[in-house]
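Here the structure comes first, spelled out in structure tokens, and everything after it is commentary.
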Amino acid sequence: MKVQQMENNDNNNKNVSTEAKEYDFRQAEERWSNYWQQRDMHKAEETTKKPKKYVLEMFPYPSGRLHMGHVRNYTLGDVVARYNRMRGFNVLHPMGWDAFGLPAENAAIERNIHPETWTLSNIDYMKQQMKKLGFSYDWDRELATCLPDYYKWTQWLFLKLYEKGLAYKKRAKVNWCPHCKTVLANEQVIDGKCWRCHTPIEKREIEQWFFKITAYADDLLKDLDDLDWPEYVKAQQRNWIGRSEGATVRFQIEGTDKYIEVFTTRLDTIYGATFMVLAPEHPLAKELTQGTELEEDFNAFLKAITLKPEIDRLSTEKEKEGFFLGKYAINPFNGERLPIYAGDYVLMEYGTGAIMAVPAHDERDNAFAKKYHLPIIPVVVPKDGTKASEKGEDVLFTDYGTLVNSGPYSGKTSEEALDLMATYLEEHQLGSKKVTYRLRDWLVSRQRYWGAPIPMVYCEKCGMVPVPEEELPVVLPREVDYMPGDLVSPLATDPAFVETTCPKCGGPARRETDTMDTFVDSSWYYFRYADARNENEAFSKDAENYWLPVDIYIGGVEHAVLHLLYSRFITKALKDMGYTHVSEPFSKLFTQGMVTLGGSAMSKSKGNIVDPDDILKNYGADAARMYTLFVAPPEKDFEWSQQGLEGIVRFLRRIWNFYGKHAARLEGVNSANENVEAHSEWDSKALRASNRLVYRVTSDIEDNYRFNTAIAGMMEFLNEITEYDDKVSSAVMKEVLETFAKVLAPFVPFMAEELWSTMLGNEPSVHEQSWPAFNEELLEEAQVEVAVQINGKFRGTIIVPNGAPEEDVKNAVLRSGSFTKYFDQGYKKCFYVPNKIINFIV
RNA sequence: GGGGGCGUGGCGGAAUGGCAGACGCAGCGGACUUAAAAUCCGCUGGGCUUACGCUCGUGUGGGUUCGACUCCCACCGCCCCCA
């Protein structure tokens with residue numbers, strides 16, 4: 001890496017003349033960040049008649065230092081924020097820290113630093129980096145989720161959800177790492193192993209807190225339609241919510257008055273059911289074997305299955321494990337006896353935890369039937385009759401079709417049968433139509449230290465009692481044992497924390513010792529920014545009413561489901577409780593691509609890191625910003641390239657030198673502004689070029705943030721004006737260079753200030769100027785070049801007056817010497833697209 | 001298997017029915033320099049041609065159209081999500 005030799009130039013900051021000094025980014029960055037800070041220029045206005053714009057980027061986890069992905073994400077947001085300020089919006093552009101979470105605890109364990117100390121010092125460092133990059137945040141609204149003045153309100157949110165019945169406690173299976181002696185979140189289990197020590201995880205059943213996100217499943221699904229979000233993110237959420245319409249059916253267990261209830265989306269295949277499968281954990285499975293000779297074997301089977309990762313159990317590729325329970329169920333449609341199995345591929349958490357197995361029409365049932373030699377009876381054939389003759393075993397047909405072997409329903413289509421059979425079920429009280437979702441309730445308790453304590457106490461007399469609102473926050477104690485052992489929360493090791501009194505009866509009570517998932521912290525932070533310093537409420541109704549929803553939310557794809565779904569749920573819950581007027585938090589979502597090196601995402605373990613600090617030190621903030629914007633469309637991944645960065649450095653230097661070249665002659669000159677008529681050919685060319693620049697950059701930004709082509713437009717502008725700059729009058733040159741400085745401002749905020757004030761001698765700040773307007777009329781040239789095609793092949797061009805009628809253009813081509821050779825036989829037909837192309841068929 | 005996305009020079013990418021390859025990187029040639037770096041100027045998809053030019057070319061094969069990277073059908077390959 002090359003360090004530019006600015007020091008040599010030793011600026012006394014005078015004498016900016018035709019011999020331009022190099023751009024001293026260090027000096028400019030220091031000077032202007034101080035200036036912005038002193039003037040409080042990035043503060044969102046509290047009361048104003050201006051229309052608002054809430055520009056938000058996903059806040060970072062304070063891991064230590066910024067990585068290139070952050071730089072890209074926050075640069076995108078900053079350009080949007082600065083652009084909108086210049087457009088006259090009252091912009092809210094805040095930043096904060098998703099500051100609870102595991103890495104802080106790991107640092108504590110590995111390096112013996114308190115998680116809080118570690119986190120806060122990381123925040124300090126990263127905040128300085130952000131300032132160096134010129135990000136225009138309103139730091140007065142900064143928040144960190146790990147501080148009591150924030151998590152107090154996270155706890156408040158928990159209490160509100162509890163009051164509403166949306167937070168509840170139940171027993172559930174969790175992932176437990178026997179080596180680390182701790183519970184892990186699902187995301188921290190990779191291929192069934194602990195992400196840290198690679199020990200296979202086990203399932204343990206303990207009491208957990210849940211948020212009832214399933215209560216909003218339908219709203220979460222429906223409201224996706226109206227969001228201005230990338231289609232694939234919406235598709236992923238739809239997929240995750242997984243609505244399916246079907247029916248529940250009750251199968252009587254032979255010789256008893258017990259029933260097995262199943263959920264199926266393929267009721268039309270019920271005549272093909274040849275056995276039943278219960279989840280091994282299903283209470284009936286135990287009941288059916290209890291006291292029989294199968295009991296011992298079944299318990300061993302159950303234990304083995306419990307240790308299997310869910311993903312393996314559901315896989316269509318992994319071999320299925322089953323256990324015959326010795327009993328039979330009766331098919332309510334045809335009275336067939338169906339052997340009842342326990343099978344690993346059926347999960348207690350899905351549907352009713354039991355299925356009717358139709359091996360002819362379901363892949364996994366088919367595999368299971370083959371393994372245990374169970375009959376396979378086809379009852380649906382393709383509608384077009386193909387392969388209907390093929391029989392039995394190897395025909396697995398999973399589509400809808402026409403029913404056969406299905407008693408009175410034979411000959412009906414699957415669609416007809418689904419409806420008729422469901423009606424039959426309801427009439428005979430054997431079951432009913434039902435809608436189910438794949439979405440499960442959100443498990444929010446964590447047996448971890450570094451998180452917001454769940455504000456509940458357990459009293460011997462009164463049972464579970466919520467901490468009263470006025471006693472919040474429940475403060476996280478400072479000294480605990482981070483690694484307390486089997487299924488014990490770190491907070492449980494601090495008696496001073498645990499032992500408390502009951503808010504109801506005043507008797508002895510114990511605090512809940514679990515903390516909340518950090519996704520709870522981040523599910524509502526965008527509300528807090530609207531009113532970040534409010535000590536009496538999470539946020540005021542007025543602030544919420546003015547600022548929400550977030551107009552544009554920018555971040556990585558990895559949150560497509562988790563964070564973005566949780567936030568939508570919390571917003572809907574807050575709306576139902578009357579705390580917000582919006583039912584969706586983020587009107588527009590923009591997902592930026594990854595920054596890669598050597599073809600894969602930068603990561604410490606791969607050793608392919610580019611450190612933003614090095615880039616800042618050697619090239620400056622403007623170059624770093626401009627490069628990340630130029631190199632690829634913002635939604636696509638891009639491969640970091642040192643040479644590409646240097647190309648941008650060259651472009652910035654060319655801009656700087658160009659201003660330097662003209663600075664002396666522009667001193668004291670008034671810019672041309674309106675009186676365009678009097679200009680020479682060259683003046684007029686320059687004004688048109690700058691008008692085109694404004695048009696191009698504006699429309700590229702408005703059209704889904706196409707910053708890469710906006711910057712290409714800037715390059716084209718500079719290339720063009722460099723061709724004839726000496727012929728342009730001083731007044732027009734000044735006007736044009738002022739416009740260019742304004743256009744550059746959101747992209748390269750430091751250099752734009754230097755160009756605007758030092759070079760052009762204007763009053764700072766360029767960021768307080770209005771975004772330049774463009775003149776539609778000036779986009780049109782008097783003469784246009786029209787492409788000439790003969791039989792659809794390009795054969796040359798012709799210059800005609802702008803807007804010339806078809807006849808004129810046609811005649812011009814026919815008269816022109818260059819094309820006569822094609823018209824020996826005249827022409828048959830002609831197509832003309834005004835000002836663009838003319839096509840003759842000869 | 002289902003859903004979503006993508007496929008254009010040596011590379012990143014432009015062009016969304018109208019001159020394919022804007023802009024940049026890399027490369028080649030030239031100017032400046034004792035020299036190098038930096039900077040500036042020119043060239044740069046393939047093939048044929050001394051040249052004017054001609055011709056092929058946007059993953060593959062078909063189709064619609066005066067005209068297709070762009071729209072339609074089928075296929076191949078890659079990436080992401082879900083199973």
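In what follows, chains are A, B, ... by sequence order, proteins preceding strands, each numbered from 1. In this text, all values refer to a predicted model and were calculated from it rather than measured experimentally.
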Do [X] and [Y] have side-chain heavy atoms sitting under 4.5 Å apart?
X	Y	result
A/I241	A/L565	yes
A/S414	A/V380	yes
A/M356	A/T269	yes
A/R654	A/T722	yes
A/F740	A/I655	yes
A/L589	A/P230	yes
A/P634	A/L629	no

Can you tell me how far [atom1] in [N] sits from the matching atom in [M], rounded to whole Å?
N	M	atom1	result
B/rC28	B/rC66	C1'	41 Å
B/rC41	B/rG47	C1'	29 Å
B/rA14	B/rA22	P	13 Å
B/rU44	B/rG77	C1'	30 Å
B/rC76	B/rG59	C1'	7 Å
B/rG29	B/rA74	C1'	48 Å
B/rG30	B/rG17	C1'	42 Å
B/rG42	B/rU55	P	30 Å

Q: Give the ring-plane orientation class for A/H662 versus A/F658, where under 30° counts as parallel, over 60° as perpendicular and anything between as tilted.
A: tilted
Partner lookup for [N], please. Criteria are Watson-Crick or G-U wobble with both distances under 3.5 angstrom; report none if nothing qualifies.
N	result
B/rU64	none
B/rC11	B/rG24
B/rU16	none
B/rG1	B/rC82
B/rC6	B/rG77
B/rU39	B/rA31

Closest nucleotide among [options] to the [X] side chain:
X	options	answer
A/M715	B/rG3, B/rA38, B/rC23	B/rC23
A/F794	B/rC82, B/rG3, B/rC19	B/rC19
A/A632	B/rC23, B/rG13, B/rG18	B/rG13
A/P633	B/rC19, B/rG4, B/rA14	B/rA14

Q) Above 12 or not: heavy atoms from other molecules or residues under 6.0 Å from NZ of A/K434? A) no
Q. Is the glycosidic torsion of B/rG9 within 90° of 0, making it syn, or is it anti?
A. syn
Classify [X] by what it touches in the nucleic acid, base, sugar-phosphate, or nothing, heavy-atom distance under 4.0 Å.
X	result
A/K836	sugar-phosphate
A/F630	base
A/R238	nothing
A/Q236	sugar-phosphate
A/N791	nothing
A/V631	sugar-phosphate

Q: Output, in order, the C-alpha distance, side-chain angles, deciding distance and verdict of side-chain contact (heavy atoms from CB on, under 4.5 Å) for A/Y83 and A/F747.
A: CA-CA 9 Å; A/Y83 169 76; A/F747 297 82; over 6 Å; no
Protein N or O to nucleotides 43-46 of chain B N or O, pairs below 3.5 Å:
none

Q) Taking N and O atoms by type only, does the side chain of A/E785 place a donor or acceptor under 3.5 Å from a partner on the base of B/rC19? A) yes
(Q) Let's test your reading of the model: under 3.5 Å, does the base of B/rC82 pair with the side chain of A/N239 as donor and acceptor? (A) no
Considering just the side-chain nitrogens and oxygens of [X], establish if one lies under 4.0 Å of OP1 or OP2 belonging to [N].
X	N	value
A/N835	B/rG18	no
A/R654	B/rU39	no
A/R364	B/rG1	no
A/K793	B/rG53	no
A/R795	B/rU55	yes
A/N839	B/rG18	no
A/K636	B/rG13	yes

In whole angstrom, give the distance that lies between atom [atom1] of [X] and atom [atom2] of [N].
X	N	atom1	atom2	answer
A/R706	B/rU16	CZ	P	8 Å
A/M714	B/rG24	CE	P	13 Å
A/I655	B/rG24	CD1	C1'	13 Å
A/I790	B/rC54	CD1	P	11 Å

Q | Salt bridge A/R625-A/D622, side-chain N to carboxylate O under 4.0 Å | A | no
Q: For the pair A/R26 and A/D24, find out whether any cationic side-chain nitrogen is under 4.0 Å from an anionic carboxylate oxygen.
A: no
Q.
Looking at A/R72 and A/G593, would you say the former's side chain and the latter's main chain have a donor-acceptor pair under 3.5 Å?
A. yes
(Q) Return a single string for nucleotides 25-31 of chain B, one symbol per nucleotide in 5' to 3' order, where B is base contact, S is sugar-phosphate-only contact and - is none, cutoff 4.0 angstrom on heavy atoms. (A) SS-----
